[in-house]
Amino acid sequence: MEIELHEITIRDLVAGYTDDGEGGVRGYGTKLDIRPPYQREFVYKEKQRDAVIETVHKSFPLNVMYWADCDDGRFEVIDGQQRTISICEYVEGNFSIQGMAFHNLQEDARARVLNYPLQVYVCQGTPTEKLDWFKTINIAGAQLTDQELRNALYHGSWLADAKRWFSRSNAPAELLASKLITGAANRQAHLETAIKWHKAPDETIEEYMGAHQHDPTATALWSHFQAVADRAMALFPKYRSEMKGVDWGGLYLRMQDDSLDPAKLEKRVAELMEDDSVTRRKGIYPYILTGEVRHLNIRAFTPAMRRAAYERQKGVCPRCPKDASPHDLDGMEADHKTPWSEGGKTEAGNCQMLCKHCNRRKSNN
């Protein structure tokens, strides 16, 4: 891969600047693709955006930018999208700094901005080399999410349509299910979640995207996402923050059981939320639907409780033969006399010590 350092001015950069939403963002006489498939949506906050323009006004140097040469007279931004859009939007008059828009500057001040030099490394290489370089550069900056990087490899008609549903603030997915999903839509969290909910259990996200890359639409993904979110909120209409981030897609088949009663489910949720033995309250929802206690991470007996039970039993495991020898403390494990699932509490009076063999045999029964 070949890499060369070039110097251009802001005047060159903003020539022919357009932002056509899904159609793309271009500059540098329309020859520069400012938002190629592997780039984030514009995520700078106002303070960061303004800092770029203040740096230009003070003639301080900006960090080097990186472009890829597409070998046909066009270029793609590999690193520097946020700075590039900040500059272009300012010169276009779409925001001002300290109440002063670009077109309101004195002529000499406008000229200083337009003549400001930018350092750009331009690389030539294969798509894989360019993406690998981008990943390396990205380590030092605001890192891309895994899904943003996947979007680079599997861009096509399916992804373009999927982003319409999932990848914008106030897009349908965010309006429907933002309370169920951890992460921001414009950082592709909603799209990643939708794929996880729809893909086969033994299928990776990459395999799913590869299989659908050239589908004309992502309607099937959106329809399934709607069905999962609607069912989750119908079964658990009282929203709690613990519902965010639950694998509702993995629970969807369980949620389709017509015998599930939202009122009874709510009563059980409330009981478990008040149970101080439950240390992972987000796990209440999968526990209720699957019956698997592991989701709850039930509070363990304290060392003092374990020691007291051991001394009380004199090291004897109640499940071992009566003539068995006492065990060392390290050879025993704490167990609920009355199982937690049957109402037993994680408290001293309900603690017994079993030898490791008996405890694990009990757990497997």
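Given the structure is predicted, the values throughout are model-derived calculations rather than measurements.
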Can you check whether [X] reaches [Y] side chain to side chain, under 4.5 Å on heavy atoms?
X    : Y    : value
L5   : V120 : no
K337 : C351 : no
R307 : T302 : no
T193 : T182 : no
L296 : T279 : no
R280 : I298 : no
I53  : V113 : no
T204 : M209 : no

For the residue pair [Y] / [X], report whether a side-chain donor-acceptor contact shorter than 3.5 Å exists.
X    : Y    : answer
Y17  : E89  : yes
T18  : D20  : no
Q119 : E7   : yes
R168 : N186 : no

For residues 217-225, please give each side-chain donor-acceptor pair under 3.5 Å, one per line with the distance, not counting sequence neighbours.
{"unit_1": "T217", "atom_1": "OG1", "unit_2": "T219", "atom_2": "N", "d": "3.4"}
{"unit_1": "T217", "atom_1": "OG1", "unit_2": "T219", "atom_2": "OG1", "d": "3.0"}
{"unit_1": "W222", "atom_1": "NE1", "unit_2": "Q226", "atom_2": "OE1", "d": "3.2"}
{"unit_1": "S223", "atom_1": "OG", "unit_2": "T219", "atom_2": "O", "d": "3.0"}
{"unit_1": "H224", "atom_1": "NE2", "unit_2": "W197", "atom_2": "O", "d": "3.1"}

Excluding sequence neighbours, so at least two apart, what forms side chain to side chain contact (heavy atoms under 4.5 Å, CB included) with [X]?
X    : result
D108 : Q106, R112
H6   : E4, V122
A101 : S96, H103, N104

Do H214 and S157 pass the side-chain hydrogen bond (donor to acceptor under 3.5 Å, both in side chains) test, and can you show the C-alpha distance, the side-chain angles, and the key distance before you say yes or no?
-> CA-CA 6 Å; H214 301 297; S157 54; 5.2 Å; no
Has the side chain of [X] got a donor or acceptor atom that lies under 3.5 Å from a matching backbone atom of [Y]?
X    : Y    : result
R74  : L32  : no
R281 : M273 : yes
K199 : E203 : yes
D328 : D330 : no
R110 : F102 : no

Roughly how far apart are [X] [atom1] and [Y] [atom2], rounded to 0.5 Å?
X    : Y    : atom1 : atom2 : value
R11  : L13  : CZ    : CG    : 12.5 Å
L235 : L260 : CG    : CG    : 5.5 Å
I85  : D19  : CD1   : CG    : 6.5 Å

Could you tell me which residues satisfy side-chain hydrogen bond (donor to acceptor under 3.5 Å, both in side chains) with H327, sequence neighbours excluded, listed by chain and number?
->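 H327: no side-chain hydrogen bond (donor to acceptor under 3.5 Å, both in side chains) contacts found.
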Qualifying residues under side-chain hydrogen bond (donor to acceptor under 3.5 Å, both in side chains), relative to D12, sequence neighbours excluded =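 Applying side-chain hydrogen bond (donor to acceptor under 3.5 Å, both in side chains) to D12 gives T9.
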Show the nearest heavy-atom pair for residues [X] and [Y], with the distance to one decimal.
X    : Y    : value
P286 : L251 : CA-CD1, 3.9 Å
C123 : I78  : SG-CD1, 3.5 Å
V91  : L114 : CG1-CD2, 4.2 Å
V228 : G249 : CG1-N, 3.8 Å

Determine, for K345 against E347, whether the closest basic-nitrogen to carboxylate-oxygen distance falls under 4.0 angstrom.
->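 Answer for the salt bridge query: no.
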NZ/NE/NH1/NH2 to OD/OE distance under 4.0 Å, R164 and D161 =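 Looking at D161 together with R164, the answer is yes, because their closest N to O distance falls below 4.0 Å.
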Side-chain atoms of residues 171-180: list all donor-acceptor pairs with protein atoms under 3.5 Å, sequence neighbours left out, distances to 0.1 Å.
{"unit_1": "E174", "atom_1": "OE1", "unit_2": "N170", "atom_2": "N", "d": "2.4"}
{"unit_1": "S178", "atom_1": "OG", "unit_2": "E174", "atom_2": "O", "d": "3.2"}

Taking it one step at a time, do D261 and L265 satisfy side chain to side chain contact (heavy atoms under 4.5 Å, CB included)?
-> CA-CA 6 Å; D261 182 345; L265 293 178; 5.8 Å; no
So for atom [atom1], which belongs to [X], do other residues, nucleotides or ligands contribute more than 12 heavy atoms lying within a distance under 6.0 Å?
X    : atom1 : result
E292 : CD    : yes
K356 : NZ    : yes
Y252 : OH    : yes

Look at the side-chain heavy atoms of Ile, Leu, Val, Met, Phe, Trp and Tyr, link any pair under 4.5 Å apart, and say whether F60 and V56 land in one connected group.
->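 In one cluster with F60: V56, no.
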Decide whether L105 and I10 are clustered together by the hydrophobic rule: side chain heavy atoms of Ile, Leu, Val, Met, Phe, Trp, Tyr closer than 4.5 Å, transitively.
->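 Linked, L105 and I10 end up in one cluster.
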Any cation-pi pair here, R49 with F95, using under 6.0 Å and within 45°?
->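 R49 over F95 ring: yes.
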Among pairs that include at least one residue of residues 229-251, which meet side-chain hydrogen bond (donor to acceptor under 3.5 Å, both in side chains), considering only residues two or more places apart or in two chains?
->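 As it turns out, the side-chain hydrogen bond (donor to acceptor under 3.5 Å, both in side chains) pairs with a partner in residues 229-251, which skip direct neighbours, are R240-E266.
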How would you list all residue pairs meeting side-chain hydrogen bond (donor to acceptor under 3.5 Å, both in side chains) that involve residues 55-64, not counting sequence neighbours?
->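 Matches after skipping sequence neighbours: H57-Y90.
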Start with the C-alpha gap between Q147 and I205, add the side-chain angles, then the distance that decides, and say whether side chain to side chain contact (heavy atoms under 4.5 Å, CB included) holds.
-> CA-CA 9 Å; Q147 188 57 43; I205 294 178; 3.8 Å; yes
Scan for ring-ring contact (aromatic ring centres under 6.0 Å, His included) pairs involving residues 338-359, sequence neighbours excluded, and state none if there are none.
->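 The answer is Y287-W340.
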Any residue meeting salt bridge (Lys or Arg N to Asp or Glu O under 4.0 Å) with R268, in chain and number order, not counting sequence neighbours =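 Partners of R268 by the salt bridge (Lys or Arg N to Asp or Glu O under 4.0 Å) criterion, ordered by chain and then number, come out as E271.
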Side chain to side chain contact (heavy atoms under 4.5 Å, CB included) evaluation trace for V77 with D33 | CA-CA 6 Å; V77 174; D33 185 351; over 6 Å; no
Can you tell which of E333, Q352, R319 makes a side chain to side chain donor-acceptor pair (under 3.5 Å) with N359?
->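 Result: among E333, Q352, R319, E333 is the only option passing the side chain to side chain donor-acceptor pair (under 3.5 Å) with N359.
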When the aromatic ring centroids of H295 and Y285 are compared, is their separation below 6.0 Å?
->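 Centroid separation for H295 and Y285: 6.0 Å or greater.
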Applying side chain to side chain contact (heavy atoms under 4.5 Å, CB included), run through Y28 and F75 and close with a yes or a no.
-> CA-CA 9 Å; Y28 197 54; F75 303 91; 4.0 Å; yes
Single hit among C358, P326, S325 for side chain to side chain contact (heavy atoms under 4.5 Å, CB included) with C320 =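 Answer after filtering C358, P326, S325: C358.
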Supply the members, apart from L329, of the Ile/Leu/Val/Met/Phe/Trp/Tyr cluster built from side-chain contacts under 4.5 Å; use none for a lone residue.
->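 Besides L329, the hydrophobic cluster comprises Y310, M332, M353, listed by chain and residue number.
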